[in-house]
Amino acid sequence: MTLSLHFNFQPLPEWVSQPLLAYDRALARTPASKLTLLCIVMLIMVQKIYGMWTTGLDDTVGEARAWVFACVRKYLGGSLGIDKAMKEAKTQFAKDFSQRQASIKRVTRTLPTTSNSHSDVLDLCKEIAGINCDYSKGQYSGCVYHGDPQYTEFINKAMALHQWTNPLHAAQFSGVRKMEAEVVSMVVNMFNGSEECCGAMTSGGTESILLSMKAYRELARIEKGVTKPELIAPTTAHAAFDKAAHYFGIKIKHAKIDPATCKVDMKHMRSLITSNTICLVG
């Protein structure tokens, strides 16, 4: 089966009409199946070019680099020593952990069939605590923020008073609701927010970043109709931004930083902004 298409190129100059006539004849002799395949290929190329235009060249180059690296690692990983280096890193990682856990006397891999006494449970807790780092001496920045014994005792007493409260049931545990509302109000005031501002309690920094990125995504979708959200963050930003992008289907673009000052390159960050940008990370 062939598809015949003929066009009138006579009004055009000869140097233009002749190549078009030759192309027209070749097209007329081409089977419909090949023409269909050609159209599909051309549509894919147009889509790729449009993607480069909307997302920026840097982003496209980054995706191409990642694809090439993935192929090299998959097919040439052994010959280039990548697999060996990965294996050595995993072995060293396991060794570092096993050295600290060497003092463990008991390892429980299945659910016990009988219960343990309170004293047995406390003994086990003490044994497990023995393999932790000694944070009382400091030197663990970003890991433990305060290790003073008196302060620890104070926190334990405060926590004991609310040990069995459930924030999910605010009507039954209005005291917890009061504390949460006051903390949110304090933060709102710190950022000069109005009475219309609100907030939510989280379990830590990572969850805070995750929820804020989800909020930005939903805000952009509802108010601006953004269906392909993009997030711009410096290469030195917290890893939770990458995690949020992965979880919530957000495309993350990494802005370069000045190696001398570690400040973000504002010119590069500005070039990454598109109509799909939902948030800029400082």
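Just so it is clear, the model here is predicted, and its values are computed rather than measured.
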Test side chain to side chain contact (heavy atoms under 4.5 Å, CB included) on Val226 and Arg221 and set out the steps. CA-CA 5 Å; Val226 176; Arg221 179 181 62 83; 5.6 Å; no
Could you give the side-chain donor-acceptor pairs of residues 194-205 under 3.5 Å, partners two or more places apart or in another chain?
unit_1: Ser194; atom_1: OG; unit_2: Glu196; atom_2: N; d: 3.3
unit_1: Thr202; atom_1: OG1; unit_2: Gly204; atom_2: O; d: 3.3
unit_1: Thr202; atom_1: OG1; unit_2: Ser208; atom_2: OG; d: 2.6
unit_1: Ser203; atom_1: OG; unit_2: Glu207; atom_2: OE1; d: 2.5

Would you say [X]'s side chain and [Y]'s backbone share a donor-acceptor pair under 3.5 angstrom?
| X | Y | result |
| --- | --- | --- |
| Lys253 | Ile232 | no |
| Ser174 | Arg177 | no |
| Arg217 | Phe248 | yes |
| Thr261 | Lys263 | yes |

Rounded to the nearest 0.5 Å, how far apart are [atom1] of [X] and [atom2] of [Y]?
| X | Y | atom1 | atom2 | answer |
| --- | --- | --- | --- | --- |
| Met213 | Phe241 | CE | CZ | 5.0 Å |
| Leu122 | His118 | CG | NE2 | 8.5 Å |
| Arg270 | Asp265 | CZ | CG | 9.5 Å |
| Leu272 | Ile252 | CG | CD1 | 11.0 Å |
| Glu230 | Leu280 | CD | CG | 11.5 Å |
| Met86 | Thr91 | CE | OG1 | 11.0 Å |

Nearest heavy-atom neighbours spanning [X] and [Y]:
| X | Y | answer |
| --- | --- | --- |
| His268 | Ala255 | ND1-CA, 3.6 Å |
| Ile278 | Ala220 | CG2-CB, 3.4 Å |
| Lys243 | Thr206 | NZ-CG2, 4.2 Å |
| His254 | Pro234 | CD2-O, 4.0 Å |
| Ala240 | Leu210 | O-CD2, 4.0 Å |
| Ile128 | Ile131 | O-CG1, 3.0 Å |

Would Lys214 and Glu218 count as a side chain to side chain contact (heavy atoms under 4.5 Å, CB included) here? Give the steps. CA-CA 6 Å; Lys214 183 178 183 297; Glu218 294 303 293; 4.1 Å; yes
Check whether Leu211 and Tyr216 end up in the same hydrophobic cluster, where Ile, Leu, Val, Met, Phe, Trp and Tyr are linked by side-chain heavy atoms less than 4.5 Å apart. no
Would you list the atom pairs, donor with acceptor, under 3.5 Å between side chains in residues 152-169 and any protein atom, with sequence neighbours excluded?
unit_1: Thr152; atom_1: OG1; unit_2: Asp148; atom_2: O; d: 2.9
unit_1: Asn156; atom_1: ND2; unit_2: Thr152; atom_2: O; d: 3.3
unit_1: Thr165; atom_1: OG1; unit_2: His162; atom_2: O; d: 2.9
unit_1: Asn166; atom_1: OD1; unit_2: Leu168; atom_2: N; d: 3.0

If we only count heavy atoms from C-beta on, is the Val183 to Met179 side-chain gap below 4.5 Å? no
Considering only heavy atoms from C-beta outward, does the side chain of Cys125 approach that of Val121 to under 4.5 Å?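 Counting from C-beta outward, Cys125 and Val121 do come under 4.5 Å.
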Pairs where residues 178-188 contributes a residue and the test side chain to side chain donor-acceptor pair (under 3.5 Å) is met, not counting sequence neighbours: Lys178-Glu182
